[in-house]
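Some notes on the structure that comes next.
The structure presented is a predicted model; accordingly, all values stated were derived computationally and were not measured. These values consider heavy atoms only, across backbone and side chains, with no hydrogens, waters or symmetry-generated copies.
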Amino acid sequence: QYNNRLEAGYKGYLGDWLSIDLAVYGVRYENIVTGLQVFTPNVYFDPASLESYLTDFMTDQEAQNLVNQMAGLPVGTVSPSEIGASSELILRSPQGGTSSQWGVDLGADIFLTNDWVVRTNYSWAPPATNDLPPDTVNPNNLPRHRGLIGVGYRPDLEGFSGVVEVRGQTEYDMHIGGWMGQVDAYAVLDLSFGYRWGNETKMGFFLTATNLFDKSYVEVFGGKELGR
């Protein structure tokens with residue numbers, strides 16, 4: 001698998017009250033390699049024919065109960081003729097196809113005064129354009145919307161400072177290796193504050209609490225729930 005990425009952007013100040021960081025990017029994946037999948041499937045009894053056979057030896061109800069118990073039990077494995085008679089499962093990584101993704105990242109700091117600032121960050125990733133063979137998963141693991149907004153008080157010289165931020169993202173489907181599933185949307189609140197003793201001493205203390213209200217959420221499918 002290989003990919004080509006093109007990105008263009010702008011970073012700078014627009015007047016004395018606004019700084020901006022804008023990037024537009026595009027990524028094209030080719031010859032995509034996905035996670036391991038079972039190549040030699042198991043064989044199971046056909047419930048209808050098995051029940052018809054068993055009714056010759058027991059009542060209809062007994063045959064139906066036995067079929068329900070046996071339906072999920074594998075009785076064989078389909079294997080390539082090259083490896084002979086074998087019940088071992090073979091895994092493979094399907095490969096091929098293309099996927100194109102583009103998006104926009106926008107960050108901005110709005111200076112209300114010399115000490116107060118509003119910080120924002122937003123990412124937008126529309127659905128990818130895919131041309132993938134069967135059983136090949138989408139390599140683009142991005143939420144469509146992801147963002148942050150906060151307000152901070154940051155004096156230049158000394159004194160107290162603090163930042164309150166809300167960050168979150170929308171739900172999206174994630175495919176990495178054998179992990180495939182939906183990551184739920186979330187929004188959490190972060191808080192940090194501190195005190196600095198002037199420019200000469202360059203001393204201070206700072207405390208940060210991420211996810212202040214201890215909301216449970218996950219950032220990747222199959223990952224551990226995160227809290228405060």
Side-chain angles (χ1 to χ4, degrees), residues 1-30 32 98-130 138-176 183-212 215 217-220 223 226:
Q1 174 179 316
Y2 57 94
N3 63 77
N4 298 303
R5 182 182 181 95
L6 179 64
E7 183 172 341
Y10 171 82
K11 184 175 183 179
Y13 285 86
L14 300 178
D16 297 331
W17 61 277
L18 176 65
S19 70
I20 189 171
D21 187 353
L22 172 65
V24 179
Y25 65 87
V27 184
R28 179 177 174 83
Y29 299 89
E30 299 185 15
I32 298 166
T98 61
S99 178
S100 299
Q101 172 79 63
W102 71 281
V104 177
D105 294 329
L106 174 63
D109 288 341
I110 304 171
F111 302 98
L112 304 178
T113 67
N114 289 336
D115 299 332
W116 288 93
V117 60
V118 175
R119 180 190 177 201
T120 62
N121 188 282
Y122 173 70
S123 297
W124 179 58
T129 302
N130 298 319
N138 183 2
N140 300 285
N141 295 292
L142 296 173
R144 187 164 188 175
H145 304 281
R146 181 175 55 198
L148 173 152
I149 185 169
V151 178
Y153 175 71
R154 300 171 180 173
D156 290 336
L157 297 179
E158 62 180 344
F160 286 99
S161 63
V163 179
V164 179
E165 295 179 340
V166 177
R167 56 185 170 88
Q169 65 183 35
T170 55
E171 66 182 28
Y172 70 102
D173 292 327
M174 185 175 187
H175 306 276
I176 295 182
V183 179
D184 293 331
Y186 69 86
V188 296
L189 178 71
D190 300 334
L191 173 66
S192 63
F193 68 93
Y195 186 87
R196 186 171 60 180
W197 286 276
N199 287 338
E200 294 183 0
T201 60
K202 296 183 179 180
M203 294 179 60
F205 74 89
F206 300 91
L207 297 176
T208 299
T210 58
N211 191 7
L212 183 64
K215 180 178 180 179
Y217 69 100
V218 295
E219 292 185 335
V220 295
L226 302 177

Quiz item: Atom CG of Leu106 and atom CD1 of Ile20: how far apart are they, to the nearest 0.5 Å?
Solution: 5.0 Å

Practice problem: Apply side-chain hydrogen bond (donor to acceptor under 3.5 Å, both in side chains) to Thr129 and list each qualifying residue two or more places apart in sequence or on a separate chain. | Solution: none

Quiz prompt | salt bridge (charged side-chain N to carboxylate O under 4.0 Å, His left out) partners of Asp115, counting only residues at least two apart | solution = none

Self-check item: side-chain hydrogen bond (donor to acceptor under 3.5 Å, both in side chains) partners of Arg119, counting only residues at least two apart
Solution: Glu165

Practice problem: Please list, chain by chain and in numerical order, all residues satisfying salt bridge (charged side-chain N to carboxylate O under 4.0 Å, His left out) with Arg167, sequence neighbours excluded. | Solution: Asp190

Quiz item: Nearest heavy-atom pair of Pro127 and Arg144: which atoms, and what distance?
Solution: CD-CZ, 3.8 Å

Quiz item: Among all residues two or more places apart in sequence or in another chain, which pass the ring-ring contact (aromatic ring centres under 6.0 Å, His included) test with Tyr217?
Solution: Tyr186

Practice problem: May I ask you to decide if Ser99's main-chain N or O and Glu30's side chain share a donor-acceptor pair within less than 3.5 Å? | Solution: no

Quiz item: side-chain contact (heavy atoms from CB on, under 4.5 Å) between Leu112 and Val118: does it pass, once the steps are laid out?
Solution: CA-CA 7 Å; Leu112 304 178; Val118 175; 3.8 Å; yes

Quiz item: To the nearest 0.5 Å, what is the distance between CG (Leu18) and CZ (Phe111)?
Solution: 8.0 Å

Self-check item: Pairs meeting criterion side-chain hydrogen bond (donor to acceptor under 3.5 Å, both in side chains) with involvement of residues 102-114, two or more places apart
Solution: Asp105-Ser123

Exercise. Could you pull out the closest heavy-atom pair between Ala125 and Pro143, with the gap in Å?
Key: CB-O, 3.8 Å

Quiz item: For Tyr122, which residues count as a side-chain hydrogen bond (donor to acceptor under 3.5 Å, both in side chains) partner, sequence neighbours excluded?
Solution: His145

Practice problem: Report the residues that fulfil salt bridge (charged side-chain N to carboxylate O under 4.0 Å, His left out) with Arg154, sequence neighbours left out, ordered by chain and then residue number. | Solution: none

Exercise. Using ring-ring contact (aromatic ring centres under 6.0 Å, His included) as the criterion, list what pairs up with Trp17, not counting sequence neighbours.
Key: none

Quiz item: Does any pair with a residue in residues 2-24 pass salt bridge (Lys or Arg N to Asp or Glu O under 4.0 Å), and if so which ones, sequence neighbours excluded?
Solution: Arg5-Glu7

Practice problem: Could I get the full list of salt bridge (charged side-chain N to carboxylate O under 4.0 Å, His left out) partners for Glu171, not counting sequence neighbours? | Solution: none

Quiz item: Are the side chains of Leu189 and Val164 in touch, meaning some heavy atoms are under 4.5 Å apart?
Solution: yes

Quiz item: Where do Phe160 and Tyr195 come nearest, in terms of heavy atoms and distance?
Solution: N-CD1, 3.5 Å

Exercise. May I ask you to test the Leu142-Tyr172 pair for a side-chain heavy-atom distance under 4.5 Å?
Key: no

Practice problem: Side-chain contact test, heavy atoms from C-beta onward, threshold under 4.5 Å: evaluate it for Leu22 versus Val104 and give yes or no. | Solution: yes

Self-check item: Test ring-ring contact (aromatic ring centres under 6.0 Å, His included) applied to Tyr13 - qualifying residues, sequence neighbours left out
Solution: none

Practice problem: Ignoring hydrogens and angles, tell me if any N or O in the side chain of Arg196 forms a donor-acceptor pair with the backbone of Pro155 under 3.5 Å. | Solution: yes

